[in-house]
Amino acid sequence: MMENAADERFMRRALELAEEAARWGEVPVGAVVVEDGRIVGEGFNRRETWRDGTAHAEMLAIAEASRRLGGWRLTNCVLYVTLEPCPMCAGAIVLSRVRRLVYGASDAKGGAVESRVRLLEPGLWNHAPQITSGILADDCAKLLTDFFRKRRAKGGAKGEVS
């Protein structure tokens with residue numbers, strides 16, 4: 001029960017970050033890294049703003065957590081993200097040894113955890129995080145759906161999900 005309450009609390013913070021991304025015109029994905037019940041890294045998509053294809057929410061949150069904690073091994077950390085990670089972010093999760101991944105909405109087009117490919121399967125690499133999916137999934141998905149609906153209504157460019 002405690003884990004579910006904490007999962008929802010930290011996913012709500014990731015949703016706030018995703019909303020901030022939307023205000024910047026970015027695909028609304030937010031992420032937080034938590035160690036021992038405190039946030040040590042945060043990020044939201046900044047690909048358009050920074051003109052950097054690697055500026056995904058997870059990558060930025062992981063980088064900030066590593067700086068704050070003074071090392072790249074996040075073995076005692078949980079990563080919360082509003083959208084199922086892509087292949088690049090799944091790789092960063094493995095390489096940074098994140099203990100647990102919690103995500104909201106699935107990504108049928110680019111998800112690399114359960115939807116499109118399964119890059120975090122146990123035994124595939126030298127590290128596999130515990131995975132919890134579907135936390136506040138409806139809220140996470142609605143934010144993305146609303147964002148792309150508004151973008152299409154304005155005649156904006158097609159955007160990828162992650």
Side-chain angles (χ1 to χ4, degrees), residues 3 6-7 10-11 13-22 24-36 38-137 140-141 143-144 147-148 157-162:
E3 197 170 82
D7 287 351
F10 291 119
M11 188 61 75
R13 177 59 187 146
L15 273 164
E16 289 172 2
L17 292 164
E19 289 167 355
E20 180 67 17
W24 282 84
E26 298 279 357
V27 174
V29 178
V32 297
V33 177
V34 174
E35 182 186 55
D36 296 328
R38 68 183 175 97
I39 295 174
V40 294
E42 296 185 328
F44 59 84
N45 274 3
R46 295 185 184 225
R47 290 189 320 170
E48 301 299 331
T49 307
W50 292 357
R51 294 181 170 91
D52 178 352
T54 67
H56 286 204
E58 303 96 316
M59 301 293 283
L60 301 177
I62 287 169
E64 182 178 44
S66 295
R67 282 192 302 274
R68 275 199 182 156
L69 297 174
W72 59 269
R73 289 178 186 86
L74 303 179
T75 55
N76 197 32
C77 294
V78 180
L79 172 65
Y80 293 86
V81 61
T82 57
L83 183 66
E84 179 180 358
C86 72
M88 173 182 66
C89 294
I93 290 164
V94 169
L95 294 173
S96 61
R97 310 294 195 271
V98 169
R99 179 177 57 82
R100 183 168 171 250
L101 166 66
V102 179
Y103 69 89
S106 295
D107 182 358
K109 291 182 180 178
V113 178
E114 297 173 315
S115 296
R116 195 81 177 144
V117 294
R118 295 175 174 261
L119 293 181
L120 300 182
E121 285 287 312
L124 193 57
W125 311 108
N126 61 338
H127 172 74
Q130 299 169 9
I131 299 167
T132 302
S133 60
I135 302 296
L136 300 179
C140 295
L143 188 58
L144 287 158
F147 174 82
F148 286 112
K158 281 187 171 179
E160 295 89 36
V161 174
S162 55

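Computed from a prediction, not measured in an experiment: that's the story for all the values here. Worth knowing before you read on, the calculation uses all heavy atoms, side chains too, and leaves out hydrogens, waters and symmetry mates.
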Criterion salt bridge (Lys or Arg N to Asp or Glu O under 4.0 Å) on Arg13 and Glu16, from CA distance to verdict: CA-CA 5 Å; Arg13 177 59 187 146; Glu16 289 172 2; 2.8 Å; yes
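- A side-chain donor from one of Thr49 and Glu26 sits under 3.5 Å from a side-chain acceptor of the other.
- Looking at every heavy atom in both residues, Ser115 comes nearest to Ser106 through OG-CB, 3.5 Å.
- Residue His56 holds its NE2 atom at 6.0 Å from CG of Asn45, rounded to the nearest 0.5 Å.
- The minimum heavy-atom distance between Pro87 and Gly110, with the atom names listed, is CD-O, 3.6 Å.
- In this structure, CD1 on Ile39 lies 7.5 Å from CG on Leu17, to the nearest 0.5 angstrom.
- The minimum heavy-atom distance linking Cys77 with Val98 is given by the pair O-CG1, 3.6 Å.
- In terms of heavy atoms, Ala22 sits closest to Pro28 at CB-CB, 4.0 Å.
- Under the 3.5 Å distance criterion, the side-chain polar atoms of Thr82 are left unmatched by any main-chain donor or acceptor of Leu15.
- Rounding to the nearest 0.5 Å places SG of Cys89 at 7.0 Å from CD1 of Ile62.
- The distance from atom CG of Leu136 to atom CG of Asp7, rounded to the nearest 0.5 Å, is 9.0 Å.
- Note that CZ of Arg100 and OH of Tyr80 are 5.0 Å apart. Values are rounded to the nearest 0.5 Å.
- Remark: side-chain polar atoms of Arg97 are paired, donor with acceptor, to backbone N or O of Leu95 under 3.5 angstrom.
- Two residues are said to be in side-chain contact when any heavy atoms from C-beta on lie closer than 4.5 Å; Arg99 and Leu74 fail this criterion.
- Taking the side chain as every heavy atom from C-beta outward, Phe147 and Glu19 never approach each other to under 4.5 Å.
- Annotation: side chain of Val113 is not in contact with side chain of Ser133 (no heavy-atom distance under 4.5 Å).
- Residues Leu143 and Val29 form no side-chain contact, since every pair of their non-hydrogen atoms from C-beta on lies 4.5 Å or further apart.
- The two residues Met11 and Val81 make their nearest non-hydrogen contact at CE-O, 3.4 Å.
- Side-chain N/O atoms of Glu114 and Tyr103 include a donor and acceptor closer than 3.5 Å.
- A donor-acceptor pair under 3.5 Å is absent between the side-chain atoms of Glu35 and the main chain of Asn76, judged by distance alone.
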field: CA sep, side-chain torsions, deciding dist, call: Glu64, Val33, side-chain contact (heavy atoms from CB on, under 4.5 Å)
entry: CA-CA 9 Å; Glu64 182 178 44; Val33 177; over 6 Å; no
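- Closest approach of Cys86 to Ala112, counting heavy atoms only: C-CB, 3.5 Å.
- The main-chain N or O of Leu119 is found under 3.5 Å from a side-chain atom of Trp125 such that the two form a donor-acceptor pair.
- Distance CD/Glu84 to SG/Cys140: 12.0 Å, rounded to 0.5 Å.
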